[in-house]
Amino acid sequence: MTRPATHIWRLLKWGRTLAKHGALRGLESDPNTPPPVRRLMRLARFGTMQPKVPDYASAFRAIGPAAIKLGQSLATRPDLVGEEAAENLLSLQDNLPPVDFAEIRKVIETSFGQPLENLFSTIEEVPVGAASIAQVHRATTTDGREVAVKVMRPGIREKFERDIQTYHWAAAHLEGLGGEAARLRPRMTIANFERWTNRELDLRREAASASELMESMKAIEGYEVPDVDWDRTNGRVMTVAWVDGTKISDRQALVEAGHDLSEMAQRLVLAFLTQAISGGFFHADMHQGNLFVKADGTIVAIDFGIMGRIDRQARAWLAEILYGLTTGNYQRVAEIHFEAQYVPSYHSVGEFATALRAVGEPMRGKPVKELSVGQMLDGLFAITRDFDMQTQPHLLLLQKTMVMVEGIATQLNPEINMWDTSGPYVQAWIRDELGPESLVADRLKEDTDTLMRLPALIRRIEDKFPPKGGAPDQAPLPDVPLMWDKREGSGSGIVGYGIAVLIGAGAVIAATQLGWIG
């Protein structure tokens, strides 16, 4: 168990790094920041020279690998860190100096229990990418296939575990202060963050996620997931097919290659909606470094360490919310929030619908470049505060990915309108999945499943209450009271029976001595 003094020392050290980059200024001036936290921030920044413009991304990068991942998560939480910090953290790229290849070779050989040359005929010692958790090397397998080999950094699991313990400790104490801090549920945020990173720290799970996503998206044209080489994959090493393509962030190269960027932006948005709404399983780390474009225009996704899941009911609510916002049906959007219990029942549905209209109407029909994201977020978070809405952790990954997809789509086509692009798809999904035919089909399936379970239920009932045997029922026996049973109305109970026994025994002994008996 880590001592509180150790947690405090780590927080002060991290806080000082944040202060040097001006990253505490916004939170310190926020009226919702609890006073004890504000005092700790003042102590951390004491004597530092702060830049005029805060650089949150650089601060998290300077703290270390776990902080980089945490910063990427907080980029979706302007309600926690403020709009300015969230926007800056969106630029936080997961790039670190690479580990020496001798250590990488050792990880590969130790994890597979055989020499590197038995697995790969060639492997480039200089990585093509080095992130906080792992780095990637280009290689050729012994059977001649070009592959990308992702190898875990040595000791990274232990580093993450140490830092996350302090995150939990800090979040618990912050939430314990009550008020706005409790409503934002920082403990749940850190718990979700820990689950996400634990998935990334097991490359077998990442490989399984890639395989599952490939199966679910194989019918979607223009979107691809590389094949997994399971024979060269374990918990610390993952091998997938090599992708030859242009990074989707290199707009100029895409234009020179003759790609239709407007169509590509729309395809990217629809691919995300297909994953999130139709499948309920989506690539939740779709930043620019994880998307490539092949020569034929196919979008290829890589890096599946962070994946999101949404159950069918939540997807149905999400689809109706998106469709309601695109069509201006704020009343239905408000009703869904109450049905999903996102808003406490003591609030008014009508008032919530009016609040949504105040935020939604200025956005409708406009390209992203004409929207004030700051004003929109301010309005949305004001609603969450006014209507006592708690953070919904299961939607955080979805929110994060939507922000990423919107940013990439806007870079490809500044004129794109996310509402107009997503509207027809969401409408078709609602018609297919929530229409009368679907409701009848779901009811038939549910009732059929219930009928199919009846025989097993009857058998279990018979096991509990077996039928009568061949022997006739016995006649009822007379009720003989036992001497140790305590009867109502008998004041003496078992004590009385004991006295009676003693008296009877004494009488027998006396009669024997007098010769009356025997």
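The shortest distance between side-chain heavy atoms of Ile299 and Phe292 does not fall below 4.5 Å. In this structure the side chain of Leu119 reaches within 4.5 angstrom of the side chain of Phe112, judged on heavy atoms. Inter-residue side-chain proximity for Lys247 and Leu291 is flagged as unmet; no heavy-atom pair is nearer than 4.5 Å. Counting heavy atoms from C-beta on, the side chains of Val149 and Val151 come closer than 4.5 Å. Side-chain contact check for Ser209 versus Glu206: every heavy-atom pair is 4.5 Å or farther apart. Side-chain contact between Ile248 and Ile408 is present, with heavy atoms from C-beta onward closer than 4.5 Å. For the pair Thr233 and Val237, the minimum side-chain heavy-atom distance is 4.5 Å or more. Counting heavy atoms from C-beta outward, Met264 and Val293 have side chains that approach closer than 4.5 Å.
Residues satisfying the salt bridge (charged side-chain N to carboxylate O under 4.0 Å, His left out) criterion with Glu125, sequence neighbours excluded, are absent altogether. In terms of the side chain to side chain contact (heavy atoms under 4.5 Å, CB included) criterion, residue partners of Val349 (sequence neighbours excluded) are, by chain and number, Gln331, Ala334, Glu335, Phe338. Scored by the ring-ring contact (aromatic ring centres under 6.0 Å, His included) test, Phe304 finds His283 as partners (sequence neighbours excluded). Annotation: side-chain hydrogen bond (donor to acceptor under 3.5 Å, both in side chains) contacts of Arg105 (sequence neighbours excluded): Glu109, Glu117. Listed by chain and residue number, nothing satisfies the side-chain hydrogen bond (donor to acceptor under 3.5 Å, both in side chains) test with His337 (two or more places apart in sequence, or in another chain). By the ring-ring contact (aromatic ring centres under 6.0 Å, His included) test, His21 is found to be paired with no residue, residues two or more places apart in sequence or in another chain being considered. Applying the salt bridge (charged side-chain N to carboxylate O under 4.0 Å, His left out) test to Asp449 and every residue at least two apart in sequence or in another chain returns Lys445. Residues forming a side chain to side chain contact (heavy atoms under 4.5 Å, CB included) with Asp163 (at least two apart in sequence, or on another chain): Trp14, Ala66, Tyr167. Every residue meeting the side chain to side chain contact (heavy atoms under 4.5 Å, CB included) condition with Glu215, not counting sequence neighbours, appears here in chain and number order: Ser211. Residues meeting the side chain to side chain contact (heavy atoms under 4.5 Å, CB included) test with Lys294, sequence neighbours left out: Glu224, Asp296, Thr298, Val300.
Between Glu263 and Arg267, at least one side-chain N (NZ, or NE/NH1/NH2) sits under 4.0 Å from a carboxylate O, which counts as a salt bridge. Salt bridge Lys69/Glu194: absent, no basic N to carboxylate O contact under 4.0 Å. The pair Arg145-Asp229 counts as a salt bridge, with a side-chain nitrogen and a carboxylate oxygen less than 4.0 angstrom apart. With respect to Glu200 and Arg195, no salt bridge is recorded, no charged nitrogen being found less than 4.0 Å from a carboxylate O.
When all heavy atoms of Arg157 and Gly235 are compared, the pair lying nearest together is NH2-O, 3.4 Å. Taking both residues in full, the closest heavy atoms of Trp242 and Ala148 are given as CE3-CB, 3.8 Å, listed atom of the first, atom of the second, then distance. Nearest heavy atom pair, residue Pro226 against residue Ala301, reads CD-O, 3.1 Å. The two residues Pro97 and Ala130 have their closest heavy-atom pair at C-CB, 4.4 Å. In terms of heavy-atom proximity, Ala409 sits nearest to Ala265 at O-CB, 3.7 Å. The two atoms that bring Leu261 and Asn413 nearest to each other are O-CB, 4.5 Å, heavy atoms only.
The backbone N or O of Ile306 sits nowhere less than 3.5 Å from a side-chain atom of Asp285 that would complete a donor-acceptor pair. In this structure a side-chain-to-backbone donor-acceptor pair under 3.5 Å is present from Ser216 to Leu213.
Going from atom CG of Leu270 over to atom OG of Ser278 covers 10.0 Å, rounded to the nearest 0.5 Å. To the nearest 0.5 Å, atoms OG1 (Thr239) and CZ (Phe120) are separated by 4.0 Å. Interatomic distance, CD1 of Ile156 versus CZ of Phe160, reported as 5.0 Å (0.5 Å rounding). Rounded to the nearest 0.5 Å, atoms NE2 (His173) and CG (Leu11) are 10.0 Å apart. The distance from the CG atom of Leu203 to the OG atom of Ser111 is 9.5 Å, given to the nearest 0.5 Å. Within the model, atoms CG of Leu201 and CZ of Arg236 stand 9.0 Å from one another, a figure rounded to the nearest 0.5 Å.
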Quiz item: Could you walk me through whether Met152 and Ile133 pass the side-chain contact (heavy atoms from CB on, under 4.5 Å) check?
Solution: CA-CA 6 Å; Met152 195 79 67; Ile133 289 179; 3.3 Å; yes
Self-check item: Full working for side-chain contact (heavy atoms from CB on, under 4.5 Å) between Thr166 and His168
Solution: CA-CA 5 Å; Thr166 299; His168 277 299; over 6 Å; no
Self-check item: Trace of the side-chain contact (heavy atoms from CB on, under 4.5 Å) decision for Arg10 with Arg162
Solution: CA-CA 10 Å; Arg10 288 176 186 166; Arg162 180 199 65 192; 2.9 Å; yes
Quiz prompt | From CA spacing to verdict: side-chain contact (heavy atoms from CB on, under 4.5 Å), Asp231, Thr141 | solution = CA-CA 11 Å; Asp231 292 333; Thr141 63; over 6 Å; no
Exercise. Show your reasoning for whether salt bridge (charged side-chain N to carboxylate O under 4.0 Å, His left out) applies to Glu256 and Arg251.
Key: CA-CA 9 Å; Glu256 292 175 356; Arg251 193 176 191 277; over 6 Å; no
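Environment of CD in Glu158: crowded, with over 12 heavy atoms of neighbouring residues, nucleotides or ligands closer than 6.0 Å. In this structure, Arg187 places its CZ atom where only 12 or fewer heavy-atom neighbours from other residues, nucleotides or ligands lie under 6.0 Å away.
When each of Arg199, Arg205, Arg204 is checked for a side chain to side chain donor-acceptor pair (under 3.5 Å) with Asp202, only Arg204 meets the rule.
Annotation: salt bridge (charged side-chain N to carboxylate O under 4.0 Å, His left out) contacts involving residues 126-138, sequence neighbours excluded, comprise Arg138-Glu146. Listed by first then second residue, pairs satisfying ring-ring contact (aromatic ring centres under 6.0 Å, His included) with a partner in residues 211-235 number zero, not counting sequence neighbours.
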